[in-house]
Structures are given as C-alpha cells and as structure tokens.
Amino acid sequence: MISMVPIAKLERGFYQRDAITVARELLGCILVHRVGRKVLRARIVETEAYVGQHDLACHATKGRTQRNAIMFGPGGYAYVYFIYGMYDMLNAVTGLEGDAQAVLIRAAEPQDGWQASLTGPGKLTRAMHITRKDNAADLYGDKLYIEPAIVRPQQILATPRIGVDYAGAWKDQPLRFVDAGSKALSRKIRGYPA
DNA sequence: TATAAGATCGCCT
DNA sequence: GGCGATCTTATAC
C-alpha cells in the first residue's frame with residue numbers, strides 16, 4: 001500500500017525572505033511542473049541570488065518595467081523571461097512586496113527515473129516545458145511549485161554569478177550557490193564553502 | 001521606428 | 001576558449 005501522506009509544498013513564507021537565504025535553501029528542493037498528464041520533478045542543484053534594485057546585475061536595477069514587474073510584488077511567484085532569442089529563464093521571486101529580489105534556478109537533477117539534461121537555466125526550462133506563459137505563476141498553486149528537500153546538500157559552494165560581467169563590482173559577488181555533491185554538474189566547480 | 005544588448009547553448013578550433 | 005544563432009525588451013530618436 002502506497003502511503004497517502006500529502007506531499008508538502010513550500011509555502012509563501014519560505015519565499016518572503018531575502019534572496020540569498022532562499023537561494024541557499026532551494027538547493028536540494030524539488031521543482032515540480034505539471035504538464036498535461038505528466039508531472040515533471042527535478043532536484044535543484046544550482047541557484048543564483050539577485051538581491052534587489054541596488055544589485056547592478058538584477059533586472060530590477062533600472063526600476064520597474066513591463067518585463068520585471070512581477071519581481072516588485074511579494075515573494076512566492078515565478079518570474080520567467082525570454083533571453084538571447086532562444087531561452088526562457090525561471091526565477092522564484094523572493095522578499096516582501098516592493099523589494100525586487102529573485103532567485104534564478106540554474107540546474108537540477110531529474111527525478112522519478114526521468115532522463116533529461118537540466119544543467120543550465122535554458123536547458124532546464126526547455127526540458128521542463130516552462131515558458132513565459134508561466135510568468136507570474138503562483139508558486140503555491142498546483143501547476144508549478146517546489147517541494148521541500150528530501151536530501152539536503154552536504155556541502156554548498158558559492159561562486160560569482162554567470163554571464164553578468166557588465167555588472168561592475170556586483171559581478172564578483174559570491175551569489176551563485178551549488179550543491180557540491182551533485183553528480184549532474186561538472187566535477188570541477190570551484191567555489192568557496194558557504 | 002530603429003537600435004543595441006542580453007541572468008545561454010552548442011559547435012568550432 | 002571563442003563565436004554565431006536568434007528575437008524580445010528597453011531605451012533612444
């Protein structure tokens with residue numbers, strides 16, 4: 001007999017904290033997307049924190065626009081945007097209303113025997129069928145949400161964020177977080193214990 | 001209306 | 001390690 005215990009889901013309060021805390025604690029958690037009759041699940045192993053309007057790498061740094069508007073709302077919603085003419089990026093909005101912070105989900109490990117390469121933000125959204133249509137989705141809803149970690153990372157490494165060389169002093173901030181034990185990621189990730 | 005650049009990826013050398 | 005694909009978004013004219 002299979003246990004009928006309902007699977008927990010991260011609630012709003014989890015997201016309504018600072019992006020760095022949320023980015024670290026999302027490692028090991030299970031991203032879930034229901035698409036049609038399928039349920040795609042993947043264990044998050046890499047994240048990046050974008051910490052607010054003062055962060056020159058954050059999309060909110062030049063103020064509110066049509067694209068980034070969801071970031072200015074309360075934490076617990078998805079911010080999905082299109083980039084490089086090809087890729088959708090998935091973020092979890094964090095913090096309280098008016099504080100534009102978010103966590104970019106960069107990599108995950110497929111669960112339930114599902115085979116896929118989710119090592120990279122563009123590959124992850126493509127394989128999990130997450131698109132701009134999911135922008136502003138409620139992460140406490142039934143379609144796109146995150147479950148608490150079953151296996152927490154044994155060690156977390158911090159490194160500078162990827163692809164933000166334009167961000168002045170902010171490009172060197174250690175705001176990328178990786179589960180050092182992830183087999184899906186390259187073995188030669190260099191970072192600071194965090 | 002036009003232009004530049006981007007929170008990437010995969011293929012090339 | 002470098003580069004092109006590809007097109008939305010933001011900003012400037």
Side-chain angles (χ1 to χ4, degrees), chain A residues 15 18-27 29 31 33 40 42 44-73 75-95 99-110 115-137 139 144 146 156-179 182 184-192 194:
Chain A
Y15 300 100
D18 69 278
I20 293 176
T21 300
V22 174
R24 294 173 47 101
E25 293 192 13
L26 277 178
L27 295 176
C29 294
L31 173 65
H33 190 208
L40 302 178
I44 297 167
V45 295
E46 180 183 346
T47 59
E48 280 178 3
Y50 290 83
V51 298
Q53 291 192 69
H54 57 294
D55 176 357
L56 295 179
C58 182
H59 283 176
T61 197
K62 291 177 180 172
R64 187 184 185 120
T65 65
Q66 192 167 26
R67 179 176 68 161
N68 67 24
I70 191 68
M71 284 183 82
F72 286 80
Y77 293 83
Y79 169 43
V80 185
Y81 65 89
F82 190 63
I83 188 111
Y84 299 128
M86 265 179 255
Y87 301 106
D88 291 289
M89 301 279 123
L90 170 65
N91 300 252
V93 176
T94 74
D99 187 2
Q101 302 191 28
V103 172
L104 172 66
I105 312 294
R106 291 190 55 88
E109 298 169 337
Q115 302 289 318
S117 176
L118 309 179
T119 54
K123 295 163 71 179
L124 182 150
T125 53
R126 191 182 55 193
M128 294 191 75
H129 298 93
I130 294 165
T131 71
R132 281 160 291 170
K133 291 176 184 173
D134 298 299
N135 185 48
L139 293 178
L144 183 64
I146 303 176
I156 295 174
L157 296 180
T159 86
R161 293 171 292 186
I162 305 297
V164 296
D165 289 350
Y166 59 84
W170 284 90
K171 78 178 169 64
D172 298 317
Q173 293 291 316
L175 295 175
R176 171 176 175 241
F177 301 97
V178 181
D179 174 355
S182 170
L185 297 174
S186 160
R187 295 170 197 221
K188 49 179 183 179
I189 290 175
R190 277 184 265 284
Y192 322 88

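Residue numbers begin at 1 in each chain, while the letters A, B, ... track the order of the sequences. Just the heavy atoms: all of them, side chains too, but no hydrogens, waters or symmetry mates, feed the values below.
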S.K.: Please identify each residue that fulfils side chain to side chain contact (heavy atoms under 4.5 Å, CB included) with A:I156, with sequence neighbours left out.
M.R.: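 Here the qualifying residues are A:R24, A:L27, A:P153, A:F177, A:A194.
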S.K.: Shoot me the first and last contacting nucleotide of DNA chain B against chain A, ordered 5' to 3', at under 4.0 angstrom to non-hydrogen atoms.
M.R.: B:dG6 to B:dG10
S.K.: Measure the CG-OH distance between A:L104 and A:Y50 for me, rounded to the nearest 0.5 Å.
M.R.: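 Atom-to-atom, A:L104:CG and A:Y50:OH are 5.5 Å apart.
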S.K.: Could you list by number each residue of residues 161-168 of chain A showing a heavy-atom separation from DNA chain B of less than 4.0 Å, or answer none if no residue does?
M.R.: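 Heavy-atom cutoff 4.0 Å gives A:I162, A:G163, A:V164, A:Y166.
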S.K.: Mind jotting down which residue pairs meet the salt bridge (charged side-chain N to carboxylate O under 4.0 Å, His left out) criterion with at least one end in residues 126-136 of chain A? Sequence neighbours excluded, please.
M.R.: A:D88-A:R132, A:D134-A:K143
S.K.: Any base atoms under 4.0 Å from A:R64, or only sugar-phosphate, or nothing? Heavy atoms, all strands.
M.R.: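 Nothing: the residue A:R64, judged by heavy atoms under 4.0 Å, touches no strand.
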S.K.: Distance from A:T65 atom OG1 to A:H59 atom NE2, nearest 0.5 Å?
M.R.: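 Taking OG1 in A:T65 and NE2 in A:H59, the distance rounds to 9.0 Å.
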S.K.: Please list all pairs passing the salt bridge (charged side-chain N to carboxylate O under 4.0 Å, His left out) test where one or both residues lie in residues 44-55 of chain A, with sequence neighbours left out.
M.R.: A:E46-A:R106, A:E46-A:R176, A:E48-A:R106, A:D55-A:R161
S.K.: As a test of your reading of the structure, name each stem of DNA chain C as range with range, where a stem is three or more consecutive Watson-Crick or G-U pairs at under 3.5 Å.
M.R.: B:1-6 with C:7-12, B:8-12 with C:1-5
S.K.: Rounded to the nearest 0.5 Å, what separation is found between the CE atom of A:M128 and the CG atom of A:L31?
M.R.: 4.0 Å
S.K.: Atom pairs under 3.5 Å, N or O on each side, protein against nucleotides 1-5 of chain C: can you list them with distances?
M.R.:
none

S.K.: Strictly below 4.0 Å, heavy-atom distances to any atom of DNA chain B: list the hits from residues 50-60 of chain A, or just say none.
M.R.: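 The answer is A:Y50, A:A57, A:H59.
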S.K.: Can you name the closest pair of heavy atoms from A:A107 and A:G120 and give their distance?
M.R.: CB-N, 3.9 Å
S.K.: How close do A:L118 and A:K123 get, heavy atom to heavy atom, and via which atoms?
M.R.: CD2-O, 4.5 Å
S.K.: Of all the heavy-atom pairs spanning A:Y15 and A:G76, show the shortest one and how long it is.
M.R.: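 Closest heavy-atom pair between A:Y15 and A:G76: CB-N, 3.3 Å.
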S.K.: Checking A:Q173 now: which residues fulfil side chain to side chain contact (heavy atoms under 4.5 Å, CB included) with it, not counting sequence neighbours?
M.R.: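 Here the qualifying residues are A:W170, A:L175.
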S.K.: Any idea which heavy atoms bring A:Y166 and A:A57 closest together, and the distance?
M.R.: OH-O, 3.4 Å
S.K.: How long is the span from the CG atom in A:L124 to the CD atom in A:E109, to the nearest 0.5 Å?
M.R.: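 Answer for the CG-CD pair, A:L124 versus A:E109, is 11.5 Å.
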S.K.: Restricting to side chain to side chain contact (heavy atoms under 4.5 Å, CB included), what partner residues turn up for A:T21, sequence neighbours left out?
M.R.: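 Expected list: A:R17, A:D18, A:E25.
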S.K.: I need the A:M71 CE to A:D99 CG distance, nearest 0.5 Å.
M.R.: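 Taking CE in A:M71 and CG in A:D99, the distance rounds to 9.0 Å.
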S.K.: Which pair of non-hydrogen atoms, one from A:G52 and one from A:C58, has the smallest distance, and what is that distance?
M.R.: O-CB, 3.4 Å
S.K.: Return the polar atom pairs (N/O with N/O) between nucleotides 8-11 of chain C and the protein under 3.5 Å, or none.
M.R.:
| residue | atom | partner | partner atom | Å |
| --- | --- | --- | --- | --- |
| C:dA10 | OP1 | A:T65 | OG1 | 2.4 |
| C:dA10 | OP1 | A:R67 | N | 3.1 |

S.K.: If the condition is side chain to side chain contact (heavy atoms under 4.5 Å, CB included), which residues does A:A78 pass it with, not counting sequence neighbours?
M.R.: A:V80, A:L90, A:A137, A:L139, A:L144
S.K.: Let me confirm one number: the OH-OG1 distance from A:Y79 to A:T94, rounded to the nearest 0.5 Å.
M.R.: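 With rounding to 0.5 Å, OH (A:Y79) is 13.0 Å from OG1 (A:T94).
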